[in-house]
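Here the structure is a predicted model, which means the values were calculated and not measured. Note on naming: letters A, B, ... go to the chains in the order of the sequence lines (proteins, then strands), and numbering restarts at 1 for each one.
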There are 2 protein chains.
Amino acid sequence: MTTASTSAPRWLTDEEQHAWRAYLHATTLLEDHLDRQLQRDAGMPHTYYGLLVQLSQAPRRRMRMTELARNAKITRSRLSHAIARLEKNGWVRREDCPSDKRGQNAVLTDDGYEMLRRSAPGHVEAVRQAMFDRLTPEQVSSLGEIMRVLATGLEPEGTDADLPWLR
Amino acid sequence: MTTASTSAPRWLTDEEQHAWRAYLHATTLLEDHLDRQLQRDAGMPHTYYGLLVQLSQAPRRRMRMTELARNAKITRSRLSHAIARLEKNGWVRREDCPSDKRGQNAVLTDDGYEMLRRSAPGHVEAVRQAMFDRLTPEQVSSLGEIMRVLATGLEPEGTDADLPWLR
DNA sequence: CCTATCTAGTTAAACTTTCAAGAAAAGGTC
DNA sequence: GACCTTTTCTTGAAAGTTTAACTAGATAGG
């Protein structure tokens with residue numbers, strides 16, 4: 001028999017282990033770096049900033065809660081808390097959805113848009129300096145392809161996968 | 001003049017934007033996926049699990065707090081709280097450092113080692129399924145190189161960078 | 001229509017992380 | 001040695017996240 005619980009574990013090769021370790025180091029350090037940059041320059045963590053960016057790019061600068069959670073790859077609960085905080089800051093407001101009385105739209109306010117406009121250059125510069133200025137065009141292309149593969153694998157289409165925004 | 005504050009922002013190209021978005025999606029989903037896998041199978045988040053792994057690979061299964069924080073790329077404060085929790089679980093214990101009375105060693109207990117031995121196969125399988133089974137050997141090699149570049153950039157040698165374990 | 005089930009979003013409590021402050025020992029410098 | 005600075009680690013409170021439970025509205029089947 002060859003069930004997962006009894007077959008010998010397929011350990012990682014040396015190269016895989018090194019890649020995995022490097023992945024963990026880089027992602028942890030980058031997340032920390034951007035969180036600090038944004039906390040300093042925009043007064044919020046990276047996740048929250050990403051929500052504002054999503055809203056700024058959405059039609060009429062608004063989006064249904066679940067849709068926003070899906071785009072940000074987070075749970076609806078986490079989003080509820082985040083929007084509550086951003087609302088307190090005056091950068092987002094809630095609005096009832098006209099077509100579905102259960103629904104809420106998160107709307108980017110003018111203040112929110114303005115804060116984004118001010119902080120975007122610094123943030124792009126931080127991302128560029130940490131990532132894109134250090135990689136060759138081939139590496140950027142390769143990284144994009146790899147990350148698309150991983151994201152797709154973790155978010156398979158048409159399945160009942162355990163995805164954050166469905167919990 | 002060309003100071004950062006006044007020069008035109010160097011926005012990301014389309015390809016860079018797509019790579020960045022894919023990076024955020026993949027890393028967020030993978031972190032969530034592994035956190036859930038480990039919470040379910042080992043009763044702790046991924047960060048904590050990583051600490052036990054580090055200890056298991058250290059000489060005499062113990063390590064100075066700051067050294068452990070450096071390896072995990074986290075703050076000493078975060079580590080203090082994490083070790084306190086793992087200590088409560090009986091998987092780690094603290095020990096005074098003989099050579100420096102300020103210092104503490106975190107020591108992996110036999111119980112901790114045993115829980116690691118039990119959960120390691122499942123965790124490796126999850127990592128493999130999410131990442132290594134989906135990438136070609138060339139992609140694994142490329143990913144490793146890219147992540148080393150990023151990690152090195154965020155952790156420059158011989159500088160006064162703002163690194164978590166020095167805060 | 002009536003009921004069961006599902007979906008959208010929120011909430012309280014437990015847990016984790018960050019931030020600011022502080023205690024204690026080590027390492028200069030005079 | 002006395003003094004000042006740095007290093008090591010911890011702590012309590014605030015902020016953020018997860019988990020489970022819950023409300024309200026939508027949807028489907030009889």
Q: Would you mind classifying the nucleic acid contact of A:R64 as base, sugar-phosphate or nothing, using non-hydrogen atoms under 4.0 angstrom?
A: sugar-phosphate
Q: State whether the side chain of B:N105 and the backbone N or O of B:R64 hold a donor-acceptor pair below 3.5 Å, judged by distance alone.
A: yes
Q. Has the side chain of B:R148 got a donor or acceptor atom that lies under 3.5 Å from a matching backbone atom of B:L143?
A. no
Q. Any donor-acceptor pair under 3.5 Å joining the side chain of B:H81 to the base of D:dG12?
A. yes
(Q) Grouping I, L, V, M, F, W and Y whenever their side-chain heavy atoms are under 4.5 Å apart, do B:L154 and B:V149 come out in a common cluster? (A) yes
Q.
Show every salt bridge (charged side-chain N to carboxylate O under 4.0 Å, His left out) that has at least one partner inside residues 32-45 of chain A, sequence neighbours left out.
A. A:D32-B:R167, A:R36-B:D162
Q: Give the rounded distance in Å between these two atoms: CG of A:L79 and P of D:dG16.
A: 14 Å
Q: State whether A:Y48 and A:R85 meet the cation-pi test: NZ (Lys) or CZ (Arg) under 6.0 Å from the six-membered ring centroid, and within 45° of the perpendicular axis.
A: no
Q. Phosphate oxygens OP1/OP2 of D:dC9: is one of them under 4.0 Å from a side-chain N or O of B:R76?
A. no
Q. Going by heavy atoms in the side chains, are A:T75 and A:R78 under 4.5 Å from each other?
A. yes
**Q.** For DNA chain C, the residues among residues 82-109 of chain A that have a non-hydrogen atom under 4.0 Å from it
**A.** A:R94, A:R102, A:G103, A:Q104
Q. Can you check side-chain hydrogen bond (donor to acceptor under 3.5 Å, both in side chains) on B:H123 and B:Q37, steps first, answer last?
A. CA-CA 7 Å; B:H123 180 58; B:Q37 186 266 315; 3.0 Å; yes
Q) Using a heavy-atom distance cut-off of less than 4.0 Å, which residues of residues 42-52 of chain B contact DNA chain C? A) B:P45, B:T47, B:Y48
Q: Report the nucleotide, chosen from C:dT18, C:dC19, D:dT18, that has the shortest atom-to-atom distance to any side-chain atom of A:S77.
A: D:dT18
Q: Check whether any side-chain N or O of B:H18 sits under 3.5 Å from a backbone N or O of B:D14 as a donor-acceptor pair, and report yes or no.
A: yes
